[in-house]
Amino acid sequence: MKILVTGGTGYIGSHTCVELLDNGYEVVIIDNLSNSKRDVVDKIEKITNKKVTFYEGDCCDKNILTKIFKENEISAVIHFAGYKAVGESVLNPLKYYRNNLDSSITLLEVMNDFGVKKIVFSSSATVYGKPDKLPIKEDFPLSTTNPYGTTKLMIENILRDLYKSDNEWSIAILRYFNPIGAHKSGLIGENPNDIPNNLMPYIVKVATGQLECVNVFGNDYDTKDGTGVRDYIHVVDLAKGHIKAIEKIIKSSKVDAYNLGTGNGYSVLEIINTFKKVNNVDFKYKIVDRRPGDIDACYADPSYAKKELDWSALYGIEDMCKDSYNFVQKNK
Ligand code: NAD
Ligand code: UFG
């Protein structure tokens with residue numbers, strides 16, 4: 001069975017391609033390489049010892065998508081392609097609305113033209129806004145605090161409307177919590193070129209001497225040690241969740257959303273201390289002001305994904321810290 005993976009050379013996409021190939025699926029990738037590199041395809045092939053069909057192109061371009069569907073018998077699509085930097089989306093909202101919405105609508109139109117009506121969509125815990133209580137369940141109220149998050153919520157709504165209009169669609173919306181870690185091989189992972197916005201990529205750059213000191217954004221939150229608490233999930237566990245979602249949408253026609261998280265919340269200081277311990281490294285951190293827009297704590301109730309997809313995360317925080325460091329040490 002052939003799966004089209006948009007954004008398949010990106011961080012989560014590349015790990016998902018590995019899991020798809022390992023589970024006997026054929027993989028076709030489209031990526032415009034705006035936030036990834038062509039050599040990721042070779043690395044996916046090296047890890048799995050299987051071939052991938054790669055198209056360099058943009059999901060906002062109907063012609064290339066049509067060509068892909070003509071040249072390949074696609075059974076389902078996993079849609080990762082999009083921009084994801086929260087801060088940049090506040091500064092340049094049109095860039096985010098244009099790319100994230102246009103790529104999704106164009107893709108859905110071409111899928112519809114070819115009668116391929118099965119899609120897994122990358123959403124985010126950001127659609128829960130500032131949750132009133134924890135852990136977060138899928139039926140909590142949805143709201144957003146930045147244009148990036150709004151694009152995710154808008155696409156979720158587009159997918160629900162599409163299903164209402166045509167019940168042949170089968171749609172899994174996956175709301176990721178905080179993906180970190182990397183494949184054990186150290187061949188694929190996350191290694192932003194710029195100064196990272198997210199905690200783990202920043203810690204890794206400090207631990208490898210590329211940056212001076214980790215800035216801890218506030219220690220006066222209403223959490224166990226005052227620093228922000230998040231549900232970090234190993235990217236390989238997350239990737240495996242996509243295989244379960246594909247199995248689900250192939251079996252049944254509906255639209256549904258699933259939290260992909262571990263259910264455990266770790267504070268910034270817990271992550272820093274665990275990272276130092278398991279990797280036997282030392283580095284500096286300092287407490288600075290809160291980052292505007294951040295919430296105290298965010299972690300999933302993952303029981304619906306367990307029940308409906310038969311999926312749960314297996315890796316712990318130690319593995320996540322080890323694998324993140326291993327990847328960047330091998331790819332400095
Ligand atoms: P990533 O940037 O590593 O991967 C996205 C890929 O899509 C990149 O390779 C990029 O080149 C490509 N791309 C972007 N726009 C495109 C377009 N118009 N046409 C073709 N390719 C395009 O990001 P990621 O961390 O792997 O995230 C994948 C998806 O998961 C995104 O939709 C993101 O919003 C979502 N998500 C990520 C996180 C996270 O913390 N990483 C959390 C929640 C949701
Ligand atoms: N943090 C620091 N220092 C840093 C970076 C982050 O202290 O240099 C703290 C933040 O304040 C927060 C925690 O570390 O308490 C995690 O921050 P991240 O930036 O790594 O992740 P967020 O939870 O803020 O956001 C991420 C993605 C969003 C996504 C959200 C929910 O960046 O796209 O998870 O899935 F929407």
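Numbering of ligands and ligand atoms starts at 1, following listing order.
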Element-labelled atoms of ligand 2 that are located less than 4.0 Å from some non-hydrogen atom of A125 | 31 (C), 35 (O)
More than 12 heavy atoms from other groups under 6.0 Å of CZ on R290 | yes
Among non-hydrogen protein atoms, atom 32 (O) of ligand 2 lies closest to N198 ND2, 2.7 Å
Would you kindly specify which portion of N197 sits under 4.0 Å from ligand 2, judged on non-hydrogen atoms: side chain, backbone, both or neither?
-> backbone
For ligand 1, which atoms sit closer than 4.0 Å to a heavy atom of Y148?
-> 33 (C), 34 (O), 35 (C), 36 (N), 43 (C), 44 (C)
With heavy atoms and a 4.0 Å threshold, my read on which part of L33 contacts ligand 1 is backbone
Going by atom types alone, do Y128 and N259 pair a side-chain donor with an acceptor below 3.5 Å?
-> yes
What atoms in ligand 2 come closer than 4.0 Å to a heavy atom of F177?
-> 35 (O)
Are side-chain N/O atoms of E168 and Y163 paired as donor and acceptor at under 3.5 Å?
-> no
min-distance protein heavy atom vs atom 29 (C) of ligand 2 -> S124 OG, 3.5 Å
May I ask you to check whether H183 and D323 show a side-chain donor-acceptor distance below 3.5 Å?
-> no
Region of A125 engaging ligand 1 - heavy atom pairs below 4.0 Å | neither
Honestly, is K67 close enough over Y55, meaning NZ or CZ under 6.0 Å from the six-membered ring centre and within 45° of the axis?
-> no
Assert yes or no for the condition that the ring centre distance of Y176 to H242 is strictly below 6.0 Å.
-> yes
Would you mind telling me if ligand 2 is within reach of the side chain of Y176, the backbone, both or neither, using heavy atoms under 4.0 Å?
-> backbone
Which of these, G82, G7, G149, has its nearest heavy atom closest to atom 14 (C) of ligand 1?
-> G82
In ligand 2, which numbered atoms sit nearer than 4.0 Å to a non-hydrogen atom of G228?
-> 15 (O)
Close-contact set for ligand 2 against Y148 heavy atoms, below 4.0 Å | 33 (O), 36 (F)
Salt-bridge present (E270, R230; N to O < 4.0 Å) = no
NZ or CZ of K224 within 45° of Y266 ring axis and under 6.0 Å | yes
Short N or O distance, V216 and ligand 2, threshold 3.5 Å exclusive | no
Assign the ring pair F275 / F283 to parallel, tilted or perpendicular, where the plane angle (0 to 90°) is split at 30° and 60°.
-> perpendicular
Residue, atom and distance of the protein heavy atom nearest atom 22 (P) of ligand 2 read N178 ND2, 3.6 Å
Under 4.0 angstrom from ligand 2, any heavy atom of Y221?
-> no
Any heavy atom of N215 under 4.0 Å from ligand 2? The part involved is backbone
Does ligand 1 have any atom that is closer than 4.0 Å to a heavy atom of T6?
-> no
Heavy-atom proximity to atom 23 (O) of ligand 2, best of M200, K152, R230 | R230
Is the backbone N or O of F80 less than 3.5 Å from a side-chain atom of T6, with the two atoms forming a donor-acceptor pair by type?
-> yes
Could you tell me the residue and atom name of the protein heavy atom closest to atom 11 (O) of ligand 2, and the distance to it rounded to 0.1 Å?
-> D294 OD2, 2.6 Å
Atom 19 (O) of ligand 2: the protein heavy-atom neighbour that sits closest, reported with distance to 0.1 Å = R291 NH2, 2.8 Å
With the 4.5 Å side-chain cut-off for hydrophobic clustering, are F54 and L107 part of the same group?
-> no
Of the side chain and backbone of K152, name the one, both, or neither that has a heavy atom under 4.0 Å from an atom of ligand 1.
-> side chain
Just jot down the ligand 1 atoms closer than 4.0 angstrom to any heavy atom of S36, in number order.
-> 8 (C), 9 (O), 11 (O)
May I ask you to say whether E308 pairs ionically with K244, meaning some side-chain N is under 4.0 Å from a carboxylate O?
-> no
Tell me, please: is Y232 in heavy-atom contact with ligand 2, that is, under 4.0 Å?
-> yes
Check whether the side chains of Y148 and E88 place a donor and an acceptor atom closer than 3.5 Å, and report yes or no.
-> no
Just jot down the ligand 1 atoms closer than 4.0 angstrom to any heavy atom of P179, in number order.
-> 39 (C), 40 (O), 41 (N)
Is the closest side-chain donor-acceptor distance between T48 and D22 under 3.5 Å?
-> no
Write out the residue and atom name of the closest protein heavy atom to atom 28 (C) of ligand 2, then the distance separating them to 0.1 Å.
-> V86 CG2, 4.1 Å
Distance filter under 4.0 Å to S122 heavy atoms, resulting ligand 1 atoms = 29 (C), 30 (O), 32 (O), 35 (C)
Taking atom types as modelled, find out whether N215 and K286 have a side-chain donor-acceptor pair closer than 3.5 angstrom.
-> yes
What do we get for L199 next to ligand 2 when only non-hydrogen atoms under 4.0 Å count, side chain, backbone, both or neither?
-> both
Could you tell me whether ligand 1 has any atom less than 4.0 Å away from a heavy atom of S123?
-> yes
